[in-house]
2 protein chains.
Amino acid sequence: MSSEPKKIVIIGGSAAGPKAAAKARRTDEFAEITLIQRDPDLSMASCGYPYYIGGTFDDRNLLVCTPAGIPRDPKFFDKAKRINALVRTEAINIDPANKTVTYKNLDTEENGTVSYDSLVLATGAAPVCPVAPGFDLEGVLTLHSMADADALRSIRDEGKVTRAIIVGGGLIGFEVCEALRLAGIETTIIEKTPQVLPFLDSDLAKLVENHTRLQGADIIVGNGVAEFLGEDGQLTGVKLDNGTELPAQLAVIAVGVRPNIALAQMAGLEIGAKGGIRVNEFMQTSDPDIYAAGDCVECTSLITQEQNRAPYGDLANLQGRVVGQNVIEPGSARFPGNTQTGICKIFDFTVGVTGLSDVAARAAGLDVETVVISGLDIPVFMGGKLLISKLVAERGSGRILGFHCVGPGDVSKRVAIMATAIMGKLTVTDMVNADLPYAPPYSLALDHVIIAAHALENKLKGRMQGISVSEVKRKVDAGEDVFILDTRNPAEYEQMRLGIGETLIPQGAIRDRLEELPQDKDKEIILYCKISLRGYEVSSILKAHGWRNLKVMEGGIMAWPFPREK
Amino acid sequence: MSSEPKKIVIIGGSAAGPKAAAKARRTDEFAEITLIQRDPDLSMASCGYPYYIGGTFDDRNLLVCTPAGIPRDPKFFDKAKRINALVRTEAINIDPANKTVTYKNLDTEENGTVSYDSLVLATGAAPVCPVAPGFDLEGVLTLHSMADADALRSIRDEGKVTRAIIVGGGLIGFEVCEALRLAGIETTIIEKTPQVLPFLDSDLAKLVENHTRLQGADIIVGNGVAEFLGEDGQLTGVKLDNGTELPAQLAVIAVGVRPNIALAQMAGLEIGAKGGIRVNEFMQTSDPDIYAAGDCVECTSLITQEQNRAPYGDLANLQGRVVGQNVIEPGSARFPGNTQTGICKIFDFTVGVTGLSDVAARAAGLDVETVVISGLDIPVFMGGKLLISKLVAERGSGRILGFHCVGPGDVSKRVAIMATAIMGKLTVTDMVNADLPYAPPYSLALDHVIIAAHALENKLKGRMQGISVSEVKRKVDAGEDVFILDTRNPAEYEQMRLGIGETLIPQGAIRDRLEELPQDKDKEIILYCKISLRGYEVSSILKAHGWRNLKVMEGGIMAWPFPREK
């Protein structure tokens, strides 16, 4: 205690802020740490809101207490961490020259000023609200704060709302959709663009759409909300861009979030092209005494080194920790960047992504190859469930760039593996030989990620030509002259089939029935089976017999998101 | 078809053999492929045997059929893959000079000879049988073949056996133990060494022991089977090394497997120091025309480059694929090595390991640091379950060397992440900032593996001194003069406590109660809480106040495998 204690001021008390405060305290017992939080709650488990709303659990305290059951209130922050947490308090000005922050207590309206050696901005993001008329009606909500969660949970508990609209088909939109559906509410997602889950491969997104509809929720794409309709100030429905009117007593707006950068702008800090506060790898802003972390900042892609926004709770915590370290020991911790990894539960499906989609990779100037595969997570005899994945790699180097995975199976593990592989700059060939934990309760002998890598290696080495389900659909709809070959058994064909003009020749019979194929060896032949492994095997046989234009429909019937004959 | 078709002969039809055959066929439609298999079955899902025996599923066909329900018999191999599979056929000689294999049909006793361009040895491994008297009694079994699985399943279905002994406390021993226990049989595992699951950290192994006992199975360690006792040729019990006799109508021997190398030796192939066939990265033996794969070979560690044996089904498949590629296009595929990753379900626990234990790492000459942590896999409000892990890294570089994880939580995902991290040569600091898929159904905001990495980084950087639960137990038992501090709340203390002479001072009260601590600042203080996070936080506070000999009991009470007061 030879020198003056360091003064640390942190604005924002949700995720990054409290994490930075706690880490700073662990690093320096004597620093003066002030946490300024506008909401009444601190360190809320906000990603848990949808599960509280949907009734996965009923004890609200679980969202705002420590695992030992102690509320994370200012008293707790004082006793356990000696952090001065000011709630219901808004930071209204930063004076970077004099290194002070002015704040206002929202209950007493009193102002105060606190000086800092290091300031941390963890101001988060705010929901984007459409400017459609009527958005201020009673019954139009967002899901952002604990108060929002309380309001939506009350709606569930009261049981009066029968129809709801979700505006926006992103992660939060789907999470809220599931919660409301579980509460017995008829729910429709309205997505302005032609595709829900815009970060996801479009064919996989269609499979998620199908699953959501099977769960009794509706989805309308390519149509926005033009107007919120109401009576006596209360929402009664929405009018869509195409004129359709839908009744609803509840609308939840979930069209995304926008970084809260007003204070940063006031302080003259650099804002990045993506709209977030610009920080370096130490999470330092353009003012070296001001750090920032969480939803308000931009991240650096570990893959492209480009800036991106990734408003996720885990990154807020990771960054908060780096900041908490650096405000005490400048330059001692780095946040190298992110891979835009995300995951979401949608009824019995999980949707997970890591890295770049092929669209994003091409936009970043990379030369890519992709593959889609279907398969089980664990053996049939252990109750295996389906996974449908798209793997993206760079041609030439074979470096894994991205992985998308959906389905009822254990998506989370496979996305986590691939996120780690991307971090480790592993190639498709590395993953082909991955030594992963195998036992029947957990994996196939060759895990789904290994099979995906192997399929992509086959494409990269020219052993397999693939075609996507949507490209097959397009060709069929356009009446193109292609020969379509289903390589399954007659029993399977009787049970389920596409009905797109296919010919059935089982894999085991193909060598004896080559004369049934087009004898023009340049004719385009599209092959598939349930997951297209047998389709691929048959393509190898036909290739050896001289056919030259063979395309395996990637993922097989399990990846087909369009209507089937059977 | 300008040249003669390649002649490929494969000995062994379980995992590596059929995989090599199938891959060779996909690579060359016209090769002549012969598969020689001693057992009547082909391509059995042998890792599924315990789950068939235990009644997880009842349809035996699931172990020997394709996902489409077709038996993987010689007819299937012929029709679907044009592979000539000879079952009930034993290869009895290899003539490497003339490149022929002589075989005998075990039913007809007729011999035959087949010539090869490339030969593949996928001869597997055989269970080690103890030489104890009576091991040939009726009722003494192993679990290796489909016939063994059938026999054990019959025992379950007949319901006559009431007491069983498992000889050997390794992976297979525990899997069989669970299966028999689920069949209602009183089961005792007998392990000759002082520890079950010898590949696992000894403290974590004790937790698994405790869990197994809670499920009603018994475990005896440090005691071998001296004799199998019987009447009229039928097992009635076992006599242990210490003279104890245990009644049993069934004994399953599971003390490990030994590579089947007799044919390889006959052919003059190089055998490695670990007892397996020596192969290069192309899976080629010392005879360039003979390849080998699966349980009969040695692997190269990706971490130390040393040879090891890893008789796991996934590696057999990975290697089989490499061989199948190389027999057609020599040198076109590599198997770079393994990380000794394995996993096992033991009742409601999962036990997973990847890489090196600290013991193995030190034996390999590496300077290592370790940490043990406890924590939930997902949030409490989502039904989180416990994980207890040990992470091993190299000092200096921080490179992750190994990870052990046990508990009722999702171990599989965490081991898969760390296996991938080891493959990617990631460091502890890389993992501290890992962008993993986060949503409450799948993970904490900071996943268990990230927390483990962070704790180890704290140790590597000297921010935390740790002590293992067994070292604490040793100190307490030896009556050493240490001050033991439990930093939880009184309510938690009332519910559960160690009773090892600890003093309770809750984290939130510590700053006001420093005078209750030993005023000799060099006195050894051991701190813990439920998982030792609060223990660590309090150690930071005490360090700031001048205490110099602080040790956090790693993993906290959740990692304590010894009896507790409460």
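This one's a predicted model, so the numbers in the text were calculated from it and none came from an experiment. Reminder, nothing fancy here: chain letters follow the sequence lines and each chain counts from 1.
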Please classify the contact of [X] with chain A as side chain, backbone, both or neither, using a heavy-atom distance under 4.5 Å.
X        : value
B:Ser332 : backbone
B:Cys344 : backbone
B:Ile70  : side chain
B:Lys19  : side chain
B:Ile541 : both
B:Met418 : neither
B:Leu315 : side chain
B:Val432 : both
B:Tyr52  : neither

Taken to the nearest 0.5 Å, the spacing of B:Thr27 OG1 from A:Asn458 CG works out to 8.0 Å
Please report the interatomic distance OG1(B:Thr66) to CG(A:Asn489), rounded to the nearest 0.5 Å. 7.5 Å
Of the backbone (N, CA, C, O) and the side chain (C-beta and beyond), which part of [X] lies under 4.5 Å from a heavy atom of chain B, both, or neither?
X        : result
A:Ile417 : both
A:Asp512 : side chain
A:Asn338 : both
A:Arg334 : backbone
A:Leu446 : side chain

Residues two or more places apart in sequence or in another chain: which of them pass salt bridge (Lys or Arg N to Asp or Glu O under 4.0 Å) with A:Lys530? none
Should the pair A:Arg511-B:Glu29 be classified as a salt bridge under the 4.0 Å nitrogen-to-oxygen rule? yes
When you check the gap from the basic side-chain N to the acidic O, do A:Arg25 and B:Glu537 get nearer than 4.0 Å? no
Sort out for me which of [options] touches chain A most, counting heavy-atom pairs under 4.5 Å.
options                               : result
B:Glu492, B:Lys461, B:Lys81, B:Lys425 : B:Lys81
B:Arg82, B:Lys75, B:Arg488            : B:Arg82
B:Met431, B:Lys23, B:Arg414           : B:Lys23
B:Leu62, B:Asp59, B:Val411            : B:Leu62
B:Leu318, B:Ile510, B:Val415          : B:Leu318
B:Gly342, B:Ala419, B:Ala509, B:Ala68 : B:Ala68

Shortest non-hydrogen pair, A:Gly424 vs B:Leu426, comes out as CA-CD2, 3.7 Å
Mind listing the closest non-hydrogen atom pair of A:Pro437 and B:Ser412 along with its distance? CG-O, 3.9 Å
Do [X] and [Y] have side chains that approach each other closer than 4.5 Å (heavy atoms only, starting at C-beta)?
X        : Y        : value
B:Met464 : A:Arg26  : no
A:Asp435 : B:Leu302 : no
A:Gln319 : B:Asn433 : no
A:Gln507 : B:Lys79  : no
A:Gln325 : B:Arg463 : yes
B:Asp410 : A:Asp410 : yes
B:Leu63  : A:Phe381 : yes

Top of A:Phe335, A:Tyr312, A:Phe76 for chain B proximity - count of heavy-atom pairs under 4.5 angstrom: A:Phe335
Most heavy-atom pairs under 4.5 Å with chain B, out of A:Glu457, A:His454, A:Arg534, belong to A:His454
Determine all donor-acceptor pairs shorter than 3.5 Å in which one atom belongs to a side chain in residues 438-445 of chain A; sequence neighbours excluded.
unit_1	atom_1	unit_2	atom_2	d
A:Tyr442	OH	B:Thr350	OG1	2.6
A:Ser443	OG	A:Asp447	OD1	3.3

For a side chain to side chain contact (heavy atoms under 4.5 Å, CB included) check, start with the C-alpha distance between A:Leu436 and B:Ile343, then their side-chain angles and the critical distance, and finish with the verdict. CA-CA 9 Å; A:Leu436 295 172; B:Ile343 194 164; over 6 Å; no
Pair A:Ile450-B:Arg321, side chain to side chain contact (heavy atoms under 4.5 Å, CB included): steps then yes or no: CA-CA 12 Å; A:Ile450 294 176; B:Arg321 204 166 55 185; 3.7 Å; yes
